[in-house]
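Read through the structure below, which is laid out as structure tokens, and then see the notes.
All values derive from a computational prediction rather than experimental measurement.
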Amino acid sequence: MTRTYGATETDPGEKFKDSQFLVFMNRILAFTVAGLYCALTKQPRHGAPMYKYSFASLSNILSSWCQYEALKYISFPTQVLAKASKVIPVMMMGKLVSRKSYEYWEYLTAALISVGVSMFLLSSAPHRHASTVTTFSGVVLLAGYIVFDSFTSNWQDALFAYKMSPVQMMFGVNVFSCLFTVGSLLEQGALLESLRFMARHSEFAAHAVLLSVCSACGQLFIFYTINQFGAAVFTIIMTLRQAFAILLSCLIYGHTVTVVGGLGVAVVFLALFLRVYARSRMKKRSKKLPPGETPAQKV
């Protein structure tokens with residue numbers, strides 16, 4: 001969207017401006033790939049009602065909208081603290097949606113990860129052009145983003161109780177994502193204009209397809225992670241991704257990491273070590289339980 005297409009010596013070219021069409025492209029390709037895969041390979045018997053996928057799809061769309069709108073009304077520190085602290089809301093939503101129980105050490109390590117990532121991002125991330133003011137509207141939108149985003153992964157996690165595969169989940173969610181997105185594009189009259197832009201610039205079409213392929217591959221990893229490890233672990237991975245991306249940028253481009261940032265990284269690794277240690281202790285304890293006794297449900 002920042003690239004100029006069709007520029008010549010006499011023509012300045014033009015830029016593509018509709019991000020919603022790119023989302024639609026992503027969903028269409030993911031829907032097609034998942035549909036073909038389900039048709040060509042043996043999948044578990046599908047037992048989930050189709051309408052249940054619409055909840056995850058709609059909440060995902062609403063969380064994205066709230067996130068992008070909130071950026072106009074909140075400061076950079078508020079953005080960082082909200083994104084880094086999503087693990088706790090996801091765990092709380094898991095108790096509401098799936099009736100999951102968590103151990104005290106899971107809450108502790110989630111809080112430590114949030115604190116460590118916040119320290120690192122606030123001290124290391126470039127934010128020279130970010131807003132410095134947080135308004136009430138921004139806080140409301142940010143709260144909506146956290147609630148909808150927490151619901152999305154937990155609802156998908158709950159749907160896996162129907163013993164479906166990650167590809168079946170990908171197909172079901174993207175069916176409704178395509179319907180919702182194309183409806184919005186048609187209502188705004190942006191679909192035909194975007195298709196005409198694609199017809200005018202073959203290079204843009206290639207870039208959009210490449211973006212969609214990457215998005216579809218990312219979805220496969222997302223649904224597989226939620227299926228195997230649950231919504232809370234998935235959120236921890238996504239939270240750490242932000243910190244590792246900036247840390248990698250610092251290493252590649254020679255940016256300095258502040259003392260506070262380094263301390264934040266240390267806190268994150270301490271939390272991860274504690275999480276692995278506590279989980280291994282719980283597994284050993286469960287093996288020693290007498291027959292007939294089962295440990296408390298963990299995520």
Side-chain angles (χ1 to χ4, degrees), residues 56 59 63 77-124 139 142-161 221-247 259-299:
S59 63
S63 71
T78 308
Q79 296 175 38
V80 170
L81 291 174
K83 291 185 176 182
S85 305
K86 279 198 309 179
V87 184
I88 299 295
V90 167
M91 294 172 74
M92 294 173 64
M93 187 66 73
K95 292 178 73 70
L96 292 174
V97 174
S98 306
R99 306 297 181 194
K100 289 188 175 180
S101 60
Y102 297 91
E103 301 289 342
Y104 72 91
W105 54 265
E106 292 180 288
Y107 287 107
L108 175 62
T109 54
L112 286 175
I113 288 172
S114 298
V115 170
V117 171
S118 298
M119 291 170 63
F120 178 74
L121 293 179
L122 287 172
S123 63
S124 305
V139 172
L142 201 59
Y145 157 65
I146 292 174
V147 169
F148 288 126
D149 192 65
S150 301
F151 175 83
T152 300
S153 55
N154 275 293
W155 187 258
Q156 290 168 347
D157 191 12
L159 279 179
F160 277 117
F221 284 105
I222 287 171
F223 293 131
Y224 179 81
T225 303
I226 293 174
N227 182 26
Q228 294 294 317
F229 305 104
V233 173
F234 166 70
T235 304
I236 289 174
I237 292 172
M238 296 301 286
T239 301
L240 294 176
R241 177 182 65 92
Q242 301 177 62
F244 282 125
I246 295 178
L247 181 61
V259 175
V260 175
L263 184 60
V265 172
V267 170
V268 169
F269 279 105
L270 173 64
L272 292 175
F273 171 78
L274 290 174
R275 194 174 183 88
V276 172
Y277 175 74
R279 188 178 294 278
S280 65
R281 288 290 300 271
M282 291 295 292
K283 286 183 178 179
K284 289 179 181 178
R285 187 183 304 174
S286 64
K287 289 179 181 178
K288 294 179 181 179
L289 286 175
E293 292 188 29
T294 56
Q297 180 187 5
K298 306 190 304 303
V299 177

As an exercise, state the distance from [atom1] of [X] to [atom2] of [Y], rounded to the nearest 0.5 Å.
{"X": "Met91", "Y": "Lys100", "atom1": "CE", "atom2": "NZ", "result": "10.5 Å"}
{"X": "Thr109", "Y": "Arg279", "atom1": "OG1", "atom2": "CZ", "result": "8.5 Å"}
{"X": "Phe269", "Y": "Ile113", "atom1": "CZ", "atom2": "CD1", "result": "11.0 Å"}
{"X": "Phe160", "Y": "Tyr224", "atom1": "CZ", "atom2": "OH", "result": "11.0 Å"}
{"X": "Ile222", "Y": "Thr152", "atom1": "CD1", "atom2": "OG1", "result": "11.0 Å"}
{"X": "Leu263", "Y": "Phe120", "atom1": "CG", "atom2": "CZ", "result": "12.0 Å"}

Heavy-atom side-chain contact between [X] and [Y] under 4.5 Å:
{"X": "Arg275", "Y": "Leu112", "value": "no"}
{"X": "Lys95", "Y": "Tyr102", "value": "yes"}
{"X": "Lys86", "Y": "Tyr145", "value": "yes"}
{"X": "Val268", "Y": "Met119", "value": "no"}

* Single hit among Val87, Thr225, Thr239 for side chain to side chain contact (heavy atoms under 4.5 Å, CB included) with Phe234 ->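 Single side chain to side chain contact (heavy atoms under 4.5 Å, CB included) partner of Phe234 among Val87, Thr225, Thr239: Thr225.
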* Asked: Would Leu240 and Leu272 count as a side chain to side chain contact (heavy atoms under 4.5 Å, CB included) if you check the C-alpha gap in whole Å, the side-chain angles of each, and the deciding distance to 0.1 Å?
  -> CA-CA 10 Å; Leu240 294 176; Leu272 292 175; 3.8 Å; yes
* Would you confirm whether Asn154, through its side chain, and Ser150, through its main-chain N or O, come within 3.5 Å as a donor-acceptor pair? => yes
* Asked: Just wondering, more than 12 heavy atoms not from Tyr107 lying within 6.0 Å of its OH?
  ->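 Enclosed: over 12 neighbouring heavy atoms sit under 6.0 Å from OH of Tyr107.
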Please give me the minimum heavy-atom distance between [X] and [Y], naming the atom from each residue.
{"X": "Asp149", "Y": "Ser63", "answer": "N-CB, 3.6 Å"}
{"X": "Ala278", "Y": "Trp105", "answer": "CB-CD2, 3.4 Å"}
{"X": "Ser59", "Y": "Ala56", "answer": "OG-O, 3.0 Å"}
{"X": "Thr235", "Y": "Ser153", "answer": "OG1-OG, 4.4 Å"}
{"X": "Ile226", "Y": "Gln156", "answer": "CD1-OE1, 3.3 Å"}
{"X": "Asp157", "Y": "Gly230", "answer": "OD2-CA, 3.6 Å"}

* Carefully, step by step, assess Glu103 and Leu108 under the rule side chain to side chain contact (heavy atoms under 4.5 Å, CB included). => CA-CA 9 Å; Glu103 301 289 342; Leu108 175 62; over 6 Å; no
